[in-house]
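Worksheet for the structure shown next.
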Amino acid sequence: MVDRQPTLAHPAVTLRAATAADWPALFAAAHDPGIWEGHPAHDRWQEPVFRAFFDDGLASAGMLVAEEPATGALIGSSRFDFSRAEPGEVEVGWTFLVRRHWGSRTNHIMKALMVGHALQSVERVIFLIGETNIRSRTAITRIGATLTERQMTAQLSTGPFTHLYYSIDRAGFAAGPLFPLWEERIS
């Protein structure tokens, strides 16, 4: 079973288990409508919607916050989840980053840390991405994930939405663009 609350460190970002005390800093990071444009839950920048997202993340026992090592500032979050995974896999997702980290290596590093960690315990990591979320779909293929035939409909605050499944297995990870970032981790 995957430890869903590890501390995963890289010189550029540290991931650690989220706590209730992270609410003010994480909401401040998420309170930017531009982060959520193109996202199925495009209203997640609003406090009640983000509060539900945050509380659900804490309840999942798999939510990690992303910190800048140099400043300690929270710059986003992600999580491990088993609720939609089949045996031998775990979902990595629910990720967001402040816009000043877009286009940087931060998202790739976060995924490398989480995928590398998960693949020590499971055979495959899955990612569920909103069908119309082109930014995330493009980003996930750039890190070596492949589109599968699976999909599901989720009820979001904005209504029902189709999510597509992408996956990375151990061989794909070892041969893909995330592996060198995984090797840069701080043990």
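Since the model is a prediction, treat every value here as computed from it, not as a measurement.
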Contact check, side chains of Ile168 and Lys111, non-hydrogen atoms, under 4.5 Å = no
Separation between CZ (Phe127) and OG1 (Thr148), nearest 0.5 Å, reads 11.5 Å
Interatomic distance, CD1@Ile140 vs CG@Asn133, rounded to 0.5 Å, equals 10.5 Å
- Query: Side-chain contact, heavy-atom cut-off 4.5 Å: Arg105 with His10?
  - Reply: yes
### Task
Verify, without hydrogens or angle tests, whether Thr162 (side chain) and Glu131 (backbone) share a donor-acceptor contact under 3.5 angstrom.
no
| message | Please confirm whether the ring centroid of Trp45 lies under 6.0 Å from the ring centroid of Phe53. | response | no
_For residues Phe50 and Val98: do they belong to one hydrophobic cluster (side chain heavy atoms under 4.5 Å, members Ile, Leu, Val, Met, Phe, Trp, Tyr)?_
yes
Practice task
Answer yes or no: is there a donor N or O on one side and an acceptor on the other, between the side chain of Ser78 and the main chain of Trp94, under 3.5 Å?
Solution key: no
When rounded to the nearest 0.5 Å, the distance separating CG of Asp22 from OG of Ser77 is 9.5 Å
Assess whether a salt bridge exists between Asp32 and Arg100, defined as any Lys/Arg side-chain N lying under 4.0 Å from an Asp/Glu carboxylate O.
no
Closest non-hydrogen atoms of Val2 and Ala118, given as atom of the first, atom of the second and distance, are CG2-O, 3.9 Å
Has Arg4 got a side-chain atom pairing as donor or acceptor with Leu64's backbone, closer than 3.5 angstrom?
no
Find out if a path of hydrophobic residues (ILVMFWY) with successive side-chain heavy-atom gaps under 4.5 Å connects Tyr166 to Met110. yes
Practice item. Test salt bridge (Lys or Arg N to Asp or Glu O under 4.0 Å) on Glu89 and Arg150 and set out the steps. Key: CA-CA 14 Å; Glu89 60 186 30; Arg150 291 161 59 188; 2.8 Å; yes
Between the CG atom in Leu15 and the CZ atom in Phe80, the distance rounded to the nearest 0.5 Å is 8.0 Å
To the nearest 0.5 Å, atom CE of Met152 lies from atom CG of Leu164 at 11.0 Å
Nearest heavy-atom approach of Val65 to Ala17 is CG2-O, 4.5 Å
| With hydrophobic residues grouped by side-chain heavy-atom distances under 4.5 Å, do Met63 and Trp23 end up in a single group? | yes
Q: Could you check whether the rings of Phe27 and His31 sit parallel, tilted or perpendicular, using 30° and 60° as the cut-offs?
A: tilted
**Prompt:** With distance as the sole test, does Arg16 use its side chain to make a donor-acceptor pair with the main-chain N or O of Glu67 at under 3.5 Å?
**Reply:** no
Going by heavy atoms in the side chains, are Leu178 and Met114 under 4.5 Å from each other? no
Shortest non-hydrogen pair, Pro177 vs Pro180, comes out as O-CD, 3.5 Å
**Report entry** Under 3.5 Å: donor-acceptor pair, side chain of Arg135, backbone of Glu37
**Finding:** yes
Heavy-atom nearest pair, Val115 first then Phe173, reads CG1-CD1, 3.6 Å
>> Donor-acceptor pair, distance only, cut-off 3.5 Å: does the side chain of Arg124 make one with the backbone of Gly88?
In response: no
Could you tell me if the side chain of Ile35 sits less than 4.5 Å from the side chain of Trp102, heavy atoms only? yes
query: What is the ring orientation for Phe96 with Trp36, classed by angle as parallel under 30°, tilted 30 to 60°, or perpendicular over 60°?
result: tilted
For Leu119 and Asp169 the tightest heavy-atom approach is CD1-O, 3.8 Å
Distance col, row Ile186:CD1 vs Leu113:CG, nearest 0.5 angstrom, shows 9.0 Å
Heavy-atom closest pair (Leu128 atom, Glu91 atom, distance to 0.1 Å) is CD1-CD, 3.8 Å
May I ask you to decide if Asp3's main-chain N or O and His117's side chain share a donor-acceptor pair within less than 3.5 Å?
yes
